[in-house]
Undergrad: 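Structure incoming, see below.
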Protein chains: 2
Amino acid sequence: MPKIKFDTIYKDLKNKIEAGEYPFNSIFPTEHELAAIYSCMRSTIRRALAELIQCGYIQVRQGQRTRVIYEPVARNTFLIGGIESFTEAATRNKFKHCTRVVRFDKIIADTEIAEKTDFPIGTKLYDVRRVRYLNGKPLILDKNLFLISAVGDLNEEIAKRSIYEYLENELKMKIVTSKRRMTVELATTEDKAWLELDDYNCLAVLSGRVFNSDGIQFEYTESRHCPDYFCFEDTATRNKKRFL
Amino acid sequence: MPKIKFDTIYKDLKNKIEAGEYPFNSIFPTEHELAAIYSCMRSTIRRALAELIQCGYIQVRQGQRTRVIYEPVARNTFLIGGIESFTEAATRNKFKHCTRVVRFDKIIADTEIAEKTDFPIGTKLYDVRRVRYLNGKPLILDKNLFLISAVGDLNEEIAKRSIYEYLENELKMKIVTSKRRMTVELATTEDKAWLELDDYNCLAVLSGRVFNSDGIQFEYTESRHCPDYFCFEDTATRNKKRFL
DNA sequence: GCCGATTTGTCCGTATGTATC
DNA sequence: CGATACATACGGACAAATCGG
């Protein structure tokens with residue numbers, strides 16, 4: 001693993017912020033000061049700051065000093081952000097988790113599936129459905145369709161652990177981009193069968209199409225979440241006129 | 001308005017991609033080629049490409065050629081969040097829209113509000129609630145709390161038009177960062193009173209805390225959306241970059 | 001499988017512009 | 001108004017990953 005300077009600096013600053021060394025709303029060192037501290041160019045510092053901006057830790061404005069806007073959150077919610085698998089998110093949130101594979105089949109994409117997933121009609125796919133348990137409660141119904149020609153041999157054992165780990169480590173496949181869409185849908189009988197929805201008659205549905213480095217869509221994923229634990233967070237830093 | 005080179009290049013490339021000059025899954029020019037085309041440094045091109053990556057238009061990987069992954073949105077869904085505002089989304093879909101102010105008050109933050117909004121207890125706030133109509137249907141209940149000490153004089157007339165326009169143009173306030181969170185909640189009696197929820201007993205709730213350049217949170221916003229029209233889109237990449 | 005060419009990734013060093021205090 | 005701090009751009013060097021022969 002090569003040492004990437006800006007990444008090292010970014011992680012160091014991030015840790016310092018999380019440790020409270022630079023508290024919420026305090027003033028951050030200037031780019032020049034940081035360049036001196038880390039003995040590097042200002043451009044390298046800026047690259048590191050860009051990461052801190054992106055993850056919503058600092059706020060930067062021309063002519064002004066940089067401000068820390070990170071606040072620690074006590075979260076019992078399940079946060080989804082970036083490209084993160086269930087296992088990664090669960091581990092980050094320090095939850096006990098397990099997975100039950102409730103379906104593992106090979107199918108051929110028909111008209112309905114093609115419409116929904118963007119896979120062409122006739123495509124050979126793995127159809128994997130898994131129920132995700134957090135602290136013993138069934139919270140998520142994950143429905144995945146994998147392009148067989150891209151992912152090769154999968155089996156139920158892999159599905160039970162982590163398919164992404166397998167794809168990245170074993171197949172050396174690089175997951176690059178993922179287009180996701182969040183909607184709220186009425187619960188189906190399948191949802192009700194597997195999940196504990198309590199009073200809710202809806203679910204948060206996070207569907208996504210994942211592309212590898214060849215630009216090929218190799219997965220369609222649909223995560224159907226119990227509303228009570230679902231939470232999606234996001235920090236927008238642009239001064240675009242999103243509101244009006 | 002000064003001409004920002006990288007931004008001009010970014011917009012030009014974006015337009016070309018949207019116009020189909022570089023179709024989905026096609027190969028993009030190399031950085032050197034683009035530098036030659038636009039007569040600028042490679043670093044400037046990279047800055048423009050960073051924007052295209054961030055908005056999910058291209059996919060870049062070391063050693064490989066850059067790929068176009070932009071696809072036009074053909075669907076008639078009503079997209080919220082990502083980049084578009086209510087008004088922009090309504091305009092794109094050629095829908096008729098209007099806004100009705102259903103509440104305009106001054107309040108003092110109590111324990112419950114403080115907990116939810118992060119404003120300290122005792123803070124003086126404007127409480128504005130608006131119902132957004134699309135094609136005559138009430139789809140969104142917008143609840144906003146504004147810090148009176150930061151936004152000064154508001155009135156119902158401004159709320160009916162655009163509060164943000166007022167803040168930015170009249171007060172010269174710069175909106176810098178916004179932390180948003182998406183959840184699914186059970187419908188309250190207030191929701192049922194204003195919105196047509198049909199069979200759903202839940203809503204998609206987009207809540208956010210907006211900070212100005214002083215690092216002061218001056219707004220808490222909560223958009224409660226009818227599920228049937230709600231759709232949130234997002235493109236995630238493994239390494240987002242803002243500037244290089 | 002090796003090797004060289006290509007392409008993107010990182011970083012240095014400098015200069016100038018622009019917003020804010 | 002000057003000083004400060006962030007923003008953009010130029011120009012170059014080398015590293016790392018990939019691809020084609």
Side-chain angles (χ1 to χ4, degrees), chain A residues 1-11 13 26-53 58-69 168 171-177 212-216 237-239, chain B residues 1-11 13 26-54 58-69 168 172-177 212-215 237-244:
Chain A
M1 187 70 174
K3 251 204 163 177
I4 308 295
K5 209 162 185 176
F6 85 84
D7 195 55
T8 314
I9 296 170
Y10 158 63
K11 289 192 177 112
L13 290 172
S26 67
I27 299 298
F28 212 58
T30 68
E31 295 175 355
H32 276 111
E33 285 164 2
L34 289 171
I37 291 170
Y38 290 99
S39 308
C40 67
M41 275 280 88
R42 201 179 133 230
S43 54
T44 307
I45 292 296
R46 282 178 64 73
R47 183 70 174 81
L49 292 186
E51 304 289 316
L52 290 172
I53 294 168
I58 58 171
Q59 179 175 91
V60 181
R61 252 171 62 81
Q62 187 171 9
Q64 290 181 205
R65 296 291 301 265
T66 298
R67 224 171 254 285
V68 179
I69 56 168
E168 290 205 335
L171 262 56
K172 306 291 178 203
M173 176 180 281
K174 310 270 180 157
I175 292 125
V176 184
T177 311
N212 68 12
S213 60
D214 297 326
I216 293 172
T237 56
R238 297 124 116 200
N239 197 6
Chain B
M1 186 67 176
K3 250 204 163 175
I4 308 294
K5 208 162 186 176
F6 86 84
D7 195 56
T8 314
I9 297 171
Y10 159 63
K11 288 194 177 110
L13 290 172
S26 68
I27 299 297
F28 213 58
T30 67
E31 295 174 356
H32 276 111
E33 284 165 3
L34 289 170
I37 292 170
Y38 290 99
S39 309
C40 67
M41 282 308 315
R42 196 180 138 227
S43 52
T44 307
I45 292 296
R46 285 180 64 74
R47 180 69 173 83
L49 293 186
E51 303 289 313
L52 290 172
I53 293 168
Q54 204 213 329
I58 59 171
Q59 180 175 87
V60 180
R61 252 170 61 81
Q62 187 173 156
Q64 290 181 200
R65 296 293 300 266
T66 297
R67 223 172 255 286
V68 180
I69 54 169
E168 292 202 337
K172 306 292 180 202
M173 178 179 279
K174 310 269 181 159
I175 291 120
V176 185
T177 311
N212 68 11
S213 59
D214 297 325
T237 56
R238 271 291 196 207
N239 272 317
K240 282 197 185 175
K241 299 165 197 80
R242 267 189 68 78
F243 42 75
L244 306 176

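So you know, we letter chains A, B, ... as the sequences are listed, proteins then strands, and number each from 1. Please read these numbers as outputs of a predicted model, since none were measured by experiment.
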Undergrad: Using every non-hydrogen atom in the two residues, find where Thr44(A) and Phe6(A) come nearest and quote the distance to one decimal.
TA: O-CB, 3.9 Å
Undergrad: How many whole angstroms separate atom CZ of Arg46(A) from atom P of dC12(C)?
TA: 15 Å
Undergrad: Below the 4.0 Å mark, does dT10(C) have OP1 or OP2 next to a side-chain nitrogen or oxygen of Ser43(A)?
TA: no
Undergrad: State, to the nearest 10°, the angle formed by the axis through the first five base pairs of the helix from dC2(C)-dG21(D) to dC21(C)-dG2(D) and the axis through its last five.
TA: 20°
Undergrad: Arg65(A) has a side chain; which of dT7(C), dA9(D), dA5(D) sits nearest to it?
TA: dA5(D)
Undergrad: Using atom types as modelled and distance alone, determine if a side-chain donor or acceptor of Gln64(A) lies under 3.5 Å from a backbone N or O of Arg61(A).
TA: no
Undergrad: Using only modelled atom types and a 3.5 angstrom limit, is any donor from either the side chain of Gln62(A) or the base of dT18(C) paired with an acceptor on the other?
TA: yes
Undergrad: Tell me whether Arg65(A) contacts the main-chain N or O of Phe28(A) through its side chain, where contact means a donor paired with an acceptor under 3.5 Å.
TA: yes
Undergrad: Got a sec, which residues hit side chain to side chain donor-acceptor pair (under 3.5 Å) with Arg42(A), two or more places apart in sequence or on another chain?
TA: Glu31(A)
Undergrad: Is a side-chain donor or acceptor of Thr8(B) paired with a backbone partner of Ile4(B) at a separation under 3.5 angstrom?
TA: yes
Undergrad: Flag the pair Val60(B) / Leu52(B) as yes when at least one side-chain heavy-atom distance between them is below 4.5 Å, and no otherwise.
TA: no
Undergrad: What about Arg42(A), does its side chain sit under 3.5 Å from the base of dA7(D) through a donor-acceptor pair?
TA: yes
Undergrad: From CZ of Arg67(A) over to P of dA19(C), roughly how many Å is that when rounded to an integer?
TA: 20 Å
Undergrad: In whole Å, I'd like the distance from the CD1 atom of Ile4(A) to the C1' atom of dC14(D).
TA: 13 Å
Undergrad: Let me know the distance between CG of Leu49(B) and P of dT8(D), rounded to the nearest Å.
TA: 15 Å
Undergrad: Under 4.0 Å between a side-chain N/O of Lys5(A) and OP1 or OP2 of dC12(C), yes or no?
TA: yes
Undergrad: For Arg47(B) and dT10(C), give me the distance from atom CZ to atom P, rounded to whole Å.
TA: 15 Å
Undergrad: Would you say a side-chain N or O of Thr44(B) is under 4.0 Å from OP1 or OP2 of dT8(D)?
TA: no
Undergrad: Please figure out whether Cys40(A) or Thr30(B) has its closest DNA chain C nucleotide nearer the 5' end.
TA: Thr30(B)
Undergrad: Nearest to the side chain of Gln64(A) - dC10(D), dC21(C), dC6(D)?
TA: dC21(C)
Undergrad: Restricting to non-hydrogen atoms, name the atom on Leu13(A) and the atom on Leu49(A) that form the minimum distance, rounded to 0.1 Å.
TA: CD1-CD2, 4.4 Å
Undergrad: Grab the CD-P distance between Glu31(B) and dT10(C) for me, whole Å please.
TA: 11 Å
Undergrad: Take atom CE of Met41(A) and atom P of dA9(D), then tell me their distance rounded to the nearest Å.
TA: 19 Å
Undergrad: Whole angstroms only, please: what is the CD-C1' distance between Glu33(A) and dC6(D)?
TA: 13 Å
